[in-house]
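A short write-up of the structure that comes next.
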Amino acid sequence: MRASYLTAYGGNEVVSSGELPDPMLSEGMSLIEIKAAGVNPVELAMRAGGFQRVLPYSFPQVPGFDVSGVVREVSGLSQFKVGDEVYARLSNRAPGAYAELAAVANDLLAKKPTKMSHIEAASLPTVALTTWQAFFERANLKKGERVLIQAGAGGVGTFAIQLAKHIGAHVTATAGTANQAFLKELGADVAVDYTNQRFEDFGPFDVIYDGVCGDLVERSINALAPGGRYVGLVMVADARALMSLGLPEAIAKGAAAGIAKYEELAASRGVEFHGPLTRPDAIQLAEIAKLVDAGIIKPHVSRVFGLNQLKQAYEAMGTGRTRGKLVLDTSKLI
């Protein structure tokens with residue numbers, strides 16, 4: 001099969017493309033002909049080795065988690081048959097989206113949104129599941145609450161604004177000057193230009209959903225109302241998230257020691273700190289597909305690359321200035 005893959009940990013110099021052996025199909029898995037694959041920022045950290053302690057790669061490694069495609073072979077029990085269109089978020093321990101074929105556990109597959117193309121469907125799994133799990137399992141976002149969404153014009157942010165509005169929250173979102181109108185188009189009640197405005201001036205907030213983190217973590221925690229919930233997505237995984245990967249509690253707590261200062265700050269202010277990691281969930285993807293097919297949530301894909309252009313996609317992702325999602329059309333070489 002044709003694929004884009006990594007030859008080692010490092011920068012974009014380790015990204016290559018060519019032919020690799022077809023995946024082996026085990027019991028309880030389906031062979032998926034991948035039509036499109038979504039690109040996510042976490043892959044840059046994984047490429048650099050940032051997660052090798054808990055999610056090690058085996059080279060040559062096909063990265064990527066988000067796929068949309070067609071079932072070509074089924075082993076074991078499955079609700080899907082050959083020819084069905086499906087989408088999925090691959091396992092954290094078994095990436096492999098940037099290829100013509102992938103062996104995917106049957107229980108990770110969900111029916112592709114019927115009104116969306118494979119390109120659009122492939123843009124959804126990680127950003128949708130990340131936000132769904134953050135809002136419903138961590139922050140418990142409720143109707144009428146005030147939520148701040150950092151980086152509202154990015155892949156996660158574009159989905160989060162729409163889901164938060166569907167829930168009935170009052171949405172404030174941040175982005176640069178060029179994306180202020182885009183935030184309003186997505187449904188944000190208040191658009192904040194981070195280049196000349198402080199998001200704190202628009203608070204306090206009941207929930208802050210932070211796709212930037214770094215210097216914004218402490219500022220965000222301090223911008224919460226009493227009882228508020230902070231959810232961070234970038235290199236702030238907490239012990240609960242790491243235990244979900246299978247790490248023993250003691251090891252997970254040790255690995256999450258770096259966020260202790262944030263947890264202490266949150267506790268001192270009477271608010272919550274959450275650092276989740278996304279997990280695959282076909283049931284949730286099925287619910288998300290219903291919202292997409294109903295027109296409640298619309299995917300936003302800004303650029304499409306060929307299967308052999310992962311290096312270019314990563315270069316674009318690395319600028320931190322992409323709007324919406326980047327997707328590889330795995331049926332094409334460009």
Side-chain angles (χ1 to χ4, degrees), residues 4 12 15 17 34-47 63-69 87 89 97-98 112-113 115-132 149-165 171 173-188 191-195 209-212 233-234 278 285 288-289 291-292 295-334:
S4 281
N12 240 5
V15 180
S17 64
I34 302 173
K35 297 295 188 180
V39 185
N40 295 289
V42 69
E43 295 164 33
L44 301 184
M46 298 183 77
R47 181 193 63 188
F65 295 104
D66 295 353
V67 299
S68 182
Y87 78 140
R89 206 278 187 180
Y98 305 130
K112 181 183 79 69
K115 297 182 179 179
M116 296 289 116
S117 67
H118 284 293
I119 295 291
E120 292 170 312
S123 75
L124 288 171
T126 289
V127 298
L129 289 173
T130 298
T131 304
W132 191 276
I149 298 170
Q150 304 278 24
V156 169
T158 54
F159 186 92
I161 290 171
Q162 296 176 83
L163 182 59
K165 289 302 296 181
V171 178
T174 67
T177 305
N179 282 316
Q180 292 298 293
F182 182 52
L183 294 181
K184 301 294 284 188
E185 290 171 12
L186 290 168
V192 177
D193 186 342
Y194 67 77
T195 67
Y209 188 46
D210 186 1
V212 181
L233 303 180
V234 185
T278 309
L285 282 180
I288 290 160
L291 295 180
V292 173
I296 294 170
I297 291 179
K298 298 178 181 178
H300 288 269
V301 177
S302 59
R303 292 184 65 183
V304 178
F305 299 83
L307 176 56
N308 59 329
Q309 292 186 307
L310 180 59
K311 182 176 291 188
Q312 291 92 323
Y314 278 170
E315 286 175 354
M317 183 70 70
T319 66
R321 294 291 184 269
T322 56
R323 175 189 282 194
K325 287 299 301 273
L326 307 181
V327 175
L328 265 61
D329 182 341
T330 50
S331 67
K332 293 183 179 180
L333 298 178
I334 299 176

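With a 4.5 Å cut-off on side-chain heavy atoms, P113 and Y87 count as touching. Residues M116 and P299 have side chains in contact (heavy-atom distance under 4.5 Å, counting atoms from C-beta outward). Annotation: side chain of P41 is not in contact with side chain of V234 (no heavy-atom distance under 4.5 Å). No side-chain heavy atom of S4 sits under 4.5 Å from any side-chain heavy atom of F305. Looking only at side-chain heavy atoms (C-beta outward), L307 and K332 stay at 4.5 Å or farther from each other.
None of V67, V39, I34 except one satisfies the side chain to side chain contact (heavy atoms under 4.5 Å, CB included) rule with Y98; the exception is V39. Test R47, Q312, K311 against N12 for side chain to side chain donor-acceptor pair (under 3.5 Å) and you get one pass: R47.
Not counting sequence neighbours, the partners of Y209 by the ring pair (Phe, Tyr, Trp, His ring centres under 6.0 Å) test are F135. Every residue two or more places apart in sequence or in another chain that forms a side-chain contact (heavy atoms from CB on, under 4.5 Å) with K184 is listed here: A191. In this structure R303 satisfies the side-chain hydrogen bond (donor to acceptor under 3.5 Å, both in side chains) test with no other residue, sequence neighbours excluded.
Between the side chain of E120 and the main chain of H300, no donor-acceptor pair closer than 3.5 Å is present. Counting only distance, with no hydrogens or angles, the side chain of K35 and the backbone of H118 share no donor-acceptor pair below 3.5 Å. A distance-only check finds a donor-acceptor pair linking the side chain of S302 to the backbone of R323 [under 3.5 Å]. The main-chain N or O of Q150 is never found under 3.5 Å from a side-chain atom of D210 such that the two would form a donor-acceptor pair. Looking only at distances, a side-chain donor or acceptor of D193 sits under 3.5 Å from a matching main-chain atom of T195. Judged by distance alone, with hydrogens and angles left aside, the side-chain atoms of T158 form a donor-acceptor pair with the main-chain N or O of G155 at under 3.5 Å. A donor-acceptor pair under 3.5 Å is absent between the side-chain atoms of Q162 and the main chain of L186, judged by distance alone. Here the side chain of N308 pairs no donor or acceptor atom with the backbone of S17 at under 3.5 angstrom. Within the 3.5 Å criterion, the main-chain N or O of T177 finds no donor-acceptor partner in the side chain of Q180.
Shown here for L183 and T174, the closest heavy-atom pair between the two residues is CD1-C, 3.9 Å. Residues D66 and P125 approach most closely at OD1-CB, 3.5 Å, considering heavy atoms. For A36 against T330, the heavy-atom pair with the smallest separation is N-OG1, 3.2 Å. Of all non-hydrogen atoms in I161 and A188, the two that sit nearest each other are CG2-N, 3.7 Å. What you find for K165 and G187 is that their closest heavy atoms are CD-O, 3.3 Å. Shortest non-hydrogen contact noted between V171 and A164 is CG2-CB, 3.6 Å.
To the nearest 0.5 angstrom, L163 atom CG is 7.0 Å from L291 atom CG. Between M317 atom CE and L326 atom CG the span is 4.5 Å, to the nearest 0.5 Å. Note: I297 CD1 to L124 CG = 8.5 Å, rounded to the nearest 0.5 Å. Annotation: the span from F159 atom CZ to T126 atom OG1 amounts to 11.5 Å, rounded to 0.5 Å.
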L129 and I288: CA distance, side-chain angles, deciding distance, side-chain contact (heavy atoms from CB on, under 4.5 Å) verdict: CA-CA 8 Å; L129 289 173; I288 290 160; 4.2 Å; yes
